[in-house]
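Notes to accompany the following structure.
Nothing here was measured: the structure is a model prediction, and the numbers come from that model. In the text below, chain A, chain B and the rest are named by the order of the sequence lines, each starting its count at 1. Side-chain atoms are counted along with the backbone in the values below, which use heavy atoms only and exclude waters and symmetry mates.
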Protein chains: 2
Amino acid sequence: MRQNIDERTGSPTRQPSFVESHVQNLRVAAHVTVLHEGDPARRIMEVVEGAVMLTKLLPDGRRQVVELLGPGDVFGLAHDEAYACSAETLTPATITTHERNALERDPALAARLLRRFEAQLCVMHSHALVLGRMSALERVAFFLLRLMPDGMVGGTLRLAMTRQEIADFLGLTLETVSRAFSELKRRGLVVLQRADEVRIQDRSSMRRLAGAA
Amino acid sequence: MRQNIDERTGSPTRQPSFVESHVQNLRVAAHVTVLHEGDPARRIMEVVEGAVMLTKLLPDGRRQVVELLGPGDVFGLAHDEAYACSAETLTPATITTHERNALERDPALAARLLRRFEAQLCVMHSHALVLGRMSALERVAFFLLRLMPDGMVGGTLRLAMTRQEIADFLGLTLETVSRAFSELKRRGLVVLQRADEVRIQDRSSMRRLAGAA
DNA sequence: GCCCGCTTCCGGAAAGACACTTACGCAGCC
DNA sequence: GGCTGCGTAAGTGTCTTTCCGGAAGCGGGC
């Protein structure tokens with residue numbers, strides 16, 4: 001069952017020893033909400049290991065997964081001193097956190113974050129193209145290619161996300177995602193050993209569908 | 001008529017004196033493509049004055065305006081040493097450009113870019129929510145509020161974008177954008193003096209529509 | 001007056017919403 | 001150990017809604 005970080009490791013605001021340190025490593029289980037949209041933004045965080053998703057909510061409950069993060073990616077960004085997104089682990093994860101004002105004192109850290117921000121901004125630009133202009137089938141194909149870089153050809157991908165989470169990432173409903181998986185299967189582009197184990201069968205057709213991504 | 005920067009000020013690659021300098025200010029007219037998606041990424045740019053849009057294209061010509069930039073915003077980001085987006089001015093603009101490797105030598109510049117990247121990344125997160133989860137009417141309401149910060153209450157907004165450009169920004173078609181404007185007008189939320197002059201009449205209703213943005 | 005961009009109208013396609021079925025994992029039990 | 005039942009997640013069928021897509025009409029600015 002999914003639970004909040006507050007319930008198992010304690011919220012940052014309730015553990016002064018955690019807040020006071022400049023750098024802190026953190027092990028968290030899967031499906032833990034590491035921080036909440038709107039909370040005061042005291043720290044900035046880096047994924048060391050594992051996968052994290054950033055989400056935003058509309059007042060009526062509609063959700064968007066705005067970013068998927070892996071090792072090296074940075075989160076905990078602030079707008080008006082409050083976190084702009086919630087962050088939830090998809091897998092067990094290791095996270096490093098820094099005090100926000102450490103950025104001024106640590107030029108090496110700032111330089112690393114700058115490079116990473118540039119990469120993440122480019123990924124967000126691609127994602128805007130996906131959300132704004134691609135069909136359901138194209139979005140799912142793009143998503144699978146993104147999780148399956150050219151390196152791991154022939155390998156089987158273990159999805160750490162439910163259909164609902166994928167849908168919230170791609171701006172679709174879970175039914176549409178499910179239908180898209182079935183359609184890709186029917187066309188012979190992918191094979192699903194189980195619902196969460198995908199193998200890309202025809203990579204070039206997938207690339208064509210995803211807009212040569 | 002819209003034209004490419006190459007045709008009026010010369011491409012950076014053809015003006016060595018421009019390329020060699022570390023910092024260069026640039027005046028460009030409206031509707032000029034300052035840089036092209038895929039070109040080798042030699043410089044990083046800041047908007048000093050005016051408005052710039054970043055666009056991405058799919059092979060079949062579908063376009064997404066991925067970001068709208070104003071004074072202070074940064075563009076010219078690279079993925080694999082190539083520009084990830086094209087950049088086109090919406091208005092006459094002043095642009096400062098830096099050599100990419102100046103980032104290592106100039107910590108003040110790096111610090112400024114870091115802060116700006118953080119802000120732009122947050123805006124992209126919001127935009128993902130808009131593109132993934134909002135209806136056409138909500139998207140247009142959000143768009144107008146974003147261009148009309150609380151400060152300029154009662155003022156009239158002069159749109160620098162065509163319906164097609166707004167549609168490409170919001171992931172809609174120009175007809176749907178036009179319909180949304182008409183619906184907002186019909187409901188009394190906005191007044192259109194002309195097609196490109198908007199006045200927000202009922203700000204609280206607009207906010208509710210846009211998800212309290 | 002003409003032209004470009006905007007608006008409006010219509011039919012059609014894609015995705016959403018809802019309901020139901022199926023598959024799987026787990027805990028309790030015989 | 002294996003059977004059984006429950007709970008969650010995924011797949012599918014049907015209908016509805018929203019948005020797209022072409023076309024025609026409108027209107028302001030040069």
Side-chain angles (χ1 to χ4, degrees), chain A residues 1-3 30-31 58 60-65 88 90 130-144 157-187 190-198 209, chain B residues 1-3 30-31 58 60-65 90 130-144 156-187 190-198 209:
Chain A
M1 146 129 190
R2 310 214 161 185
Q3 48 187 323
H31 314 302
L58 285 172
D60 63 2
R62 280 175 287 177
R63 183 176 77 157
Q64 177 69 33
V65 174
E88 186 178 328
L90 290 168
V130 172
L131 293 175
R133 287 291 175 238
M134 284 191 183
S135 72
L137 199 63
E138 290 168 339
R139 293 184 205 201
V140 173
F142 185 93
F143 171 73
L144 291 177
L157 174 69
R158 184 58 151 279
L159 291 176
M161 301 168 74
T162 65
R163 295 289 185 270
Q164 181 62 61
E165 286 163 348
I166 296 170
D168 286 344
F169 180 58
L170 297 176
L172 301 169
T173 60
L174 73 91
E175 294 95 330
T176 301
V177 172
S178 182
R179 276 185 257 269
F181 271 108
S182 298
E183 177 66 16
L184 291 176
K185 219 164 45 179
R186 202 186 60 72
R187 295 194 191 179
V190 303
V191 176
L192 272 80
Q193 276 94 343
R194 301 183 339 183
D196 64 344
E197 281 185 11
V198 188
L209 250 184
Chain B
M1 145 130 191
R2 313 215 156 184
Q3 49 189 319
H31 314 302
L58 284 172
D60 63 2
R62 281 175 287 177
R63 182 175 77 156
Q64 177 69 32
V65 174
L90 289 168
V130 172
L131 293 174
R133 286 292 175 238
M134 283 190 184
S135 72
L137 198 64
E138 291 169 337
R139 294 185 205 200
V140 173
F142 185 93
F143 172 72
L144 291 177
T156 294
L157 175 69
R158 185 57 154 278
L159 291 176
M161 301 169 75
T162 66
R163 294 290 185 269
Q164 181 63 61
E165 287 162 347
I166 296 170
D168 285 344
F169 181 57
L170 298 177
L172 301 169
T173 60
L174 74 92
E175 295 94 331
T176 301
V177 171
S178 181
R179 277 185 273 264
F181 271 108
S182 299
E183 177 66 16
L184 291 175
K185 216 164 48 180
R186 201 187 60 72
R187 295 194 192 179
V190 304
V191 176
L192 273 81
Q193 275 95 345
R194 301 181 341 185
D196 65 344
E197 281 185 11
V198 189
L209 249 185

Summary of protein contacts for nucleotides 10-18 of chain D, nucleotide by nucleotide, where a base hit scores B, a sugar-phosphate-only hit scores S (4.0 Å, heavy atoms): SBBBB----
Between D/dA9 (P) and A/E197 (CD): distance, integer Å: 18 Å
Chain B footprint on DNA chain C, 5' to 3' - any atom under 4.0 Å from a heavy atom: C/dC6 to C/dC10
Side chain to side chain, B/L184 and B/L209, heavy atoms closer than 4.5 Å: yes
Short N-O contact, B/R187 and B/E183, less than 4.0 angstrom: yes
With sequence neighbours excluded, residues passing ring pair (Phe, Tyr, Trp, His ring centres under 6.0 Å) with B/F169: B/H127, B/F143
Distance in angstrom units between A/E165 CD and D/dA9 P, rounded: 9 Å
Verdict with reasoning, B/F181 to B/V198, per side chain to side chain contact (heavy atoms under 4.5 Å, CB included): CA-CA 10 Å; B/F181 271 108; B/V198 189; 4.2 Å; yes
A/E197 side chain to A/R194 backbone, donor-acceptor under 3.5 Å: no
A/R139 side chain to A/M134 backbone, donor-acceptor under 3.5 Å: yes
Whether A/R62 side chain and B/R133 backbone form a donor-acceptor pair below 3.5 Å: yes
Exam field: side chain A/Q64 to backbone A/D168, donor-acceptor pair closer than 3.5 Å: yes
